[in-house]
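To start, the structure itself, in C-alpha cells.
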Amino acid sequence: MKILANDGISKKGIEVLEKSGFEVINAKVAQEQLENYINDHGIDAILVRSTTQVRQELIEACPSIKLIGCGDIGMDNIDVEYAQDNGVFVINTPEASANSVAELVFAHLFGMVRFLHQANRDMPLEGEMRFKALKKQYAAGVELRGKTLGIIGMGNIGHEVARIALGIGMNVITSDINVETTSVTVPFFNGQSIDITIDTVPTEEVLKEADFISLHIPAQEEYLLGSDQFELMKDGVGIVNTARGGILDEVALVSAIDSGKVKYAGLDVYEKEPTPEIQLLMNPDISLTPHIGASTIEAQERIGVELAKQIVELLS
C-alpha cells in the first residue's frame, strides 16, 4: 500500500510504516495537483497537517483513498463526516503535540511580559546608540508567578498549559462546555508529582478574572472573543491564541490593544493564513509566530509514530 505524506512525516514514522510493508512517499504535492497525483500513483492513504485541504471533492474524485491521517489535533481542513460516511478512515494525533503547543504558549507569555518581542526588534537597530534608553523603556516587565491564567478549552493542550502554569506558581481558572471538574498532574524531576483539582467556571468569569487568557478550542463559526468579550476583561490583560484562526476577532484585538484594554497579545494562528493581515504583522505590541505550535522535533516524532501505528492497525 502507498502512503502519501503530503505535509511530511518523521523518520521514525516512516520506519514503522516501511517495516510493516507500506511504501511511503514523503513529498509535497500542490493542492491543485493532488487529485491527479493520487489517482496516477494509486495512493491508499494521505497524511496531512493543517496546510493541505482534503475536501469532499477530492475524496469523491480519489476512490483509492482508504485513510486520511492528520498530524494535528484540529481537523477543520478535512471533511471528516463525509469521509467516514464513505468508508474512509480518518485519524489524528490528539495528544502528540500537546506539550509543544503548551510550551509555545509560555514562550509567548514569558516573552511578552518582558517585552522580548519588542526588544529583539530594537536592539539590533538601536542597541549600540540607545542602550540606556532601551534599558529604561523595557524595565517595566512583570512576573507570571502569582498571576491568574484563564484557560478556555480543557482538552489535551489546555491540560498541559495548566500543568506548566501551576508549576510556575500561577493561579489557574478554566472554562469548558464539556468539562465540569478536571484533575491536573504536575510532575517533578525526581518522579514525584501532585494532583490538583480544578472546577471549570463560565467563560464570562474567566474573561473577568484572568490576568492572562489562553485559547484552546476548535474552529468556530463565530468569534469566541470579540469587542463585547474584550470589554469584560481586566485592563492590561494578556491574550494568547495558539488554537485556530477565526476564534478571535483580530480587528477587535487591535482596537483593544490601541485602547490599552489588552497590554499583551501573542498569536500563532490567524484568520487569514498564510497571509496574515498587515495590521497584525506590523503591530509592535503583538508577539507573532507562524503557526508553529506543534512544530518541535519531539512532537513531530511522536506524531509520525502515532500516525504510523494507527495506519498499521487499520490497513494491515
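FYI, side chains are in, hydrogens and waters are out, and symmetry mates aren't considered; it's all heavy atoms of this structure.
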field: Close side-chain approach of Asn36 and Gln33, heavy atoms under 4.5 Å
entry: no
- prompt: With a 4.5 Å heavy-atom cut-off, do Pro187 and Arg163 have their side chains touching?
  reply: yes
field: For Arg49 against Ser295, the heavy-atom pair lying closest together
entry: NH2-OG, 3.5 Å
Shortest non-hydrogen contact from Ala308 toward Leu17: CB-CG, 3.7 Å
task: Return yes if a side-chain donor-acceptor contact under 3.5 Å exists between Asn99 and Arg302, otherwise no.
output: no
message: Show every salt bridge (charged side-chain N to carboxylate O under 4.0 Å, His left out) that has at least one partner inside residues 200-227, sequence neighbours left out.
response: Asp211-Lys234
Closest approach of Leu281 to Pro276 (non-hydrogen atoms, all atoms of both residues): CD1-O, 3.8 Å
- request: Examine the side chains of Asp195 and Ser183 and answer whether a donor and an acceptor come within less than 3.5 Å of each other.
  value: no
Non-hydrogen atoms of Pro124 and Arg121 that approach each other most closely: CD-O, 3.6 Å
query: Where do Thr197 and Thr182 land on the side-chain contact (heavy atoms from CB on, under 4.5 Å) test, with the steps shown first?
result: CA-CA 6 Å; Thr197 299; Thr182 187; over 6 Å; no
- prompt: What is the distance from atom CD of Glu103 to atom OG1 of Thr242, rounded to the nearest 0.5 Å?
  reply: 12.0 Å
query: So how far is it from Met1 CE to Leu315 CG, rounded to the nearest 0.5 Å?
result: 5.0 Å
message: Grouping I, L, V, M, F, W and Y whenever their side-chain heavy atoms are under 4.5 Å apart, do Ile213 and Val113 come out in a common cluster?
response: no
message: Under a plain distance cut-off of 3.5 Å, with no hydrogens placed, do Asp7 and Thr51 share a side-chain donor-acceptor pair?
response: no
- prompt: Side chains of Asp285 and Gln118: donor-acceptor distance under 3.5 Å anywhere?
  reply: yes
Residues that, via side-chain heavy atoms closer than 4.5 angstrom, fall in one hydrophobic cluster with Val179: none
query: Roughly how far, to the nearest 0.5 Å, is the CZ atom of Phe106 from the CD1 atom of Ile164?
result: 5.5 Å
query: Hey, what do you get for CZ (Phe212) to CG (Leu149), rounding to the nearest 0.5 Å?
result: 8.5 Å
- request: Tell me who clusters with Met75, hydrophobic residues only, linked when side chains sit under 4.5 Å apart either directly or through other members.
  value: Leu4, Ile25, Val29, Leu34, Tyr37, Ile38, Ile43, Ile46, Val48, Val54, Leu58, Ile59, Ile65, Ile68, Ile78, Val80, Tyr82, Val88, Val90
query: Would you say Glu23 and Glu18 make side-chain contact, with heavy atoms under 4.5 Å?
result: no
